[in-house]
S.K.: 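Have a look at the structure that comes next, please.
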Amino acid sequence: MTAPLRSSPPPSQSLNSPQALLRLLQLASPALPVGAFSYSEGLETLVHQQQVTSAEQLGHWLNQELRHGAIRMDAALMLRCYQASQVQDWHRLQDWNQWINASRETEELRLQSEQMGRSLLRLLKQLQPTLAIPSESLTQLQAEHCHFATAFGLAAAHWQILEEQALLGYLQSWATNLIAAAVKLIPLGQTAGQQLLFNMQLSLEAAAMTILRLQDEELETCGWGLSLASMSHATQYSRLFRS
Amino acid sequence: MPPATASQNWQGKLELTYGQELRHGQPTTAITHRYTEAPLRLQRPFYPEGPQRCQSVVVHTAGGMVGGDRLDFDFRLGTNAQAMITTAAAAKIYRSNGPEAQQNIQVHVASGACLEWLPQETIVFNQANYRQQMQVLLEPGGQWLGWEVTRLGRTAMGESFVAGDWRSRTTVHQQQLDGSQRPLWIDRQWLPGSPEIWASPHGLNACPVIGSFTWLGANISDEVIEDIRKAWLSQSSPVTDSAGVTRLSQGLLCRYRGHSTSLANRWFRQVWQRIRAEQSGLPAQVPRVWQH
């Protein structure tokens, strides 16, 4: 086992072991039953408006999201929920969950984040009824809508997945889900989708490195394209996806 | 034109407190405290909608902001006070060789009160470095409504915003009955000037004008959202312009990205009127400084 990459040991030690890898694969899997496959995060509108019509344009959109967009901020927020869970600061976890709630750009994106968070938290409780979080805090989190980034951070900390790996897993599962949505929408061949995901490795890694260093003061996003696409998706005439 | 490097920076201040009191048996919103530091000045209050709602016009006497300039606003509304604040002219943010120009607005709205912050547009020159921050605290039953329309680059001169930074942060908290504060809306917009973001559909899509309209502290019906959408669709807007509306937890948000400040202003004024109809059934009176 390799020592976690941090200066002082956290109260609950993360693992760099086959067990942690298997847990990460499960948490980041598109088969995780949280309904991620039913959301396109505005891509359905962008395809409909012919702003995204090729693997290249899709790649551009996803890379812009990673560099300046909502996913960059969300991943940084997930990390904060992970860190709060790791030191068992449940008030802080709750504060960040409220922050996540208040920073959802549109109603569709807020409902998506709430639904996926609710499902993941429920699943986590069913898999492991003895979570470290006290039932009082858990009840309050559920009453206030536990968002997806919150539940993911909580789960990754509970499963002792390394911080950096949890972050990469979060970003990779986001990219996988959106590429799968775009493969259906544009449409693209399965291989083209996999090729894009493969080519995104460097940008996912670069984004993770930046996100790890972001200070709270630097949580910001360039959100015009996503915001408008998501607002317009809510009234799109014919829809396959819920966002 | 201001000097490229300003040896002296403006640190302007404006504090305004509004209270509601009974005058001749009528609820009246009056300014109970005012304090200004140059280059900010305040025109005498107007009451075009009757004594209940006070209209104030802020004047920036230096013409624009350079890197290092800072403006601080503090607006407080007592119980049931109704105020609308606007600006006398468009704001200009000149290009900077590094330092940031900053505008900070603190707002406190007591219960039953409503502040409308409806400034005229801001023109952000290419290579400007600008940050505007708005922090709103609503007591239970308090409302805040605000818009911002920004032109990025002096498009009339063929300039695009491809270098510099524009940041706009709005945070609205609501005080809970137990005294704690809960964030209702956190908007941390950042536009790093670059040719890629300028051209990308993810960023500006080659549109120089962006605008946001936010209303918080009220539950919004489907009907209001639908009317706002229809108001946009009834504009004869070019296909390159886009706009949308969505519901926030206890509020609503409109965004515009396009080419025309007057189109954004026209739609936002319709949204404002629709909200007034929802609140009081009375139309809002457009201030004289907008009629030019």
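Naming convention: chains lettered A, B, ... in sequence-line order (proteins, then strands); numbering from 1 in each chain.
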S.K.: Quick check on A:Glu56: does its CD atom have over 12 non-hydrogen neighbours (other residues, nucleotides or ligands) under 6.0 Å away?
M.R.: no
S.K.: Taking all atoms of both residues into account, what is the closest heavy-atom pair of B:Gly203 and A:Cys222, and its distance?
M.R.: CA-SG, 4.3 Å
S.K.: Going from CG on B:Leu191 to CD on A:Glu220, what distance comes out if it is rounded to the nearest 0.5 angstrom?
M.R.: 10.5 Å
S.K.: Are B:Ser212 and A:Trp224 packed together at the side-chain level, in the sense that at least one heavy-atom pair is separated by less than 4.5 angstrom?
M.R.: yes
S.K.: Top residue by heavy-atom pair count (under 4.5 Å) with chain A, among B:Pro201, B:Ala243, B:Cys254?
M.R.: B:Pro201
S.K.: Identify which one of A:Glu65, A:Arg67, A:Gln51 satisfies the side chain to side chain donor-acceptor pair (under 3.5 Å) criterion when paired with B:His202.
M.R.: A:Glu65
S.K.: Pick one of side chain, backbone, both or neither for A:Leu219, based on which atoms fall under 4.5 Å of a heavy atom in chain B.
M.R.: both
S.K.: Between B:Arg188 (side chain only) and A:Ser103 (backbone N and O only), is there a donor and an acceptor less than 3.5 Å apart?
M.R.: no
S.K.: As an exercise: rank B:Val172, B:Leu252, B:Thr171, B:Val245 by heavy-atom pairs under 4.5 Å with chain A and give me the winner.
M.R.: B:Val245
S.K.: When you check the gap from the basic side-chain N to the acidic O, do A:Glu217 and B:Arg169 get nearer than 4.0 Å?
M.R.: yes
S.K.: Can you tell which part of B:Leu253 gets under 4.5 Å to a heavy atom of chain A, answering side chain, backbone, both or neither?
M.R.: both
S.K.: Do you know the tightest heavy-atom contact between B:Gly244 and A:Met231?
M.R.: C-SD, 3.2 Å
S.K.: Check step by step if side chain to side chain contact (heavy atoms under 4.5 Å, CB included) holds for A:His60 and B:Ser200.
M.R.: CA-CA 8 Å; A:His60 169 80; B:Ser200 171; 2.8 Å; yes
S.K.: What's the spacing between B:Arg255 CZ and A:Leu228 CG if we round to 0.5 Å?
M.R.: 8.0 Å
S.K.: Quick one: CG on A:Asn101 to CG on B:Leu248, what's the gap to the nearest 0.5 Å?
M.R.: 10.0 Å
S.K.: What part of A:Gln57 gets closer than 4.5 Å to chain B, counting heavy atoms only: side chain, backbone, both or neither?
M.R.: neither
S.K.: Short question: side chain of A:Thr106, backbone of B:Thr246 - any donor-acceptor pair under 3.5 Å?
M.R.: no
S.K.: Could you grab the distance from atom CD of A:Glu107 to atom CD1 of B:Ile220, nearest 0.5 Å is fine?
M.R.: 11.0 Å
S.K.: Start with the C-alpha distance between B:Ser249 and A:Arg110, add both sets of side-chain angles, then the distance that settles side chain to side chain contact (heavy atoms under 4.5 Å, CB included), and finish with yes or no.
M.R.: CA-CA 9 Å; B:Ser249 328; A:Arg110 189 169 62 249; 3.8 Å; yes
S.K.: CE/A:Met73 to CH2/B:Trp190 distance, rounded to the nearest 0.5 angstrom?
M.R.: 12.5 Å
S.K.: With a 4.5 angstrom heavy-atom cut-off, which part of A:Ser230 approaches chain B: side chain, backbone, both or neither?
M.R.: neither
S.K.: Please name the pair of heavy atoms, one in B:Pro183 and one in A:Gln98, separated by the smallest distance, quoted to 0.1 Å.
M.R.: CD-OE1, 3.4 Å
S.K.: Restricting to non-hydrogen atoms, name the atom on B:Gln189 and the atom on A:Gly223 that form the minimum distance, rounded to 0.1 Å.
M.R.: OE1-N, 3.6 Å
S.K.: Does a sphere of radius 6.0 Å around CZ in B:Arg247 hold more than 12 heavy atoms from other residues, nucleotides or ligands, not counting ones at 6.0 Å or beyond?
M.R.: yes
S.K.: To the nearest 0.5 Å, tell me how far A:Ser227 OG sits from B:Tyr256 OH.
M.R.: 14.5 Å
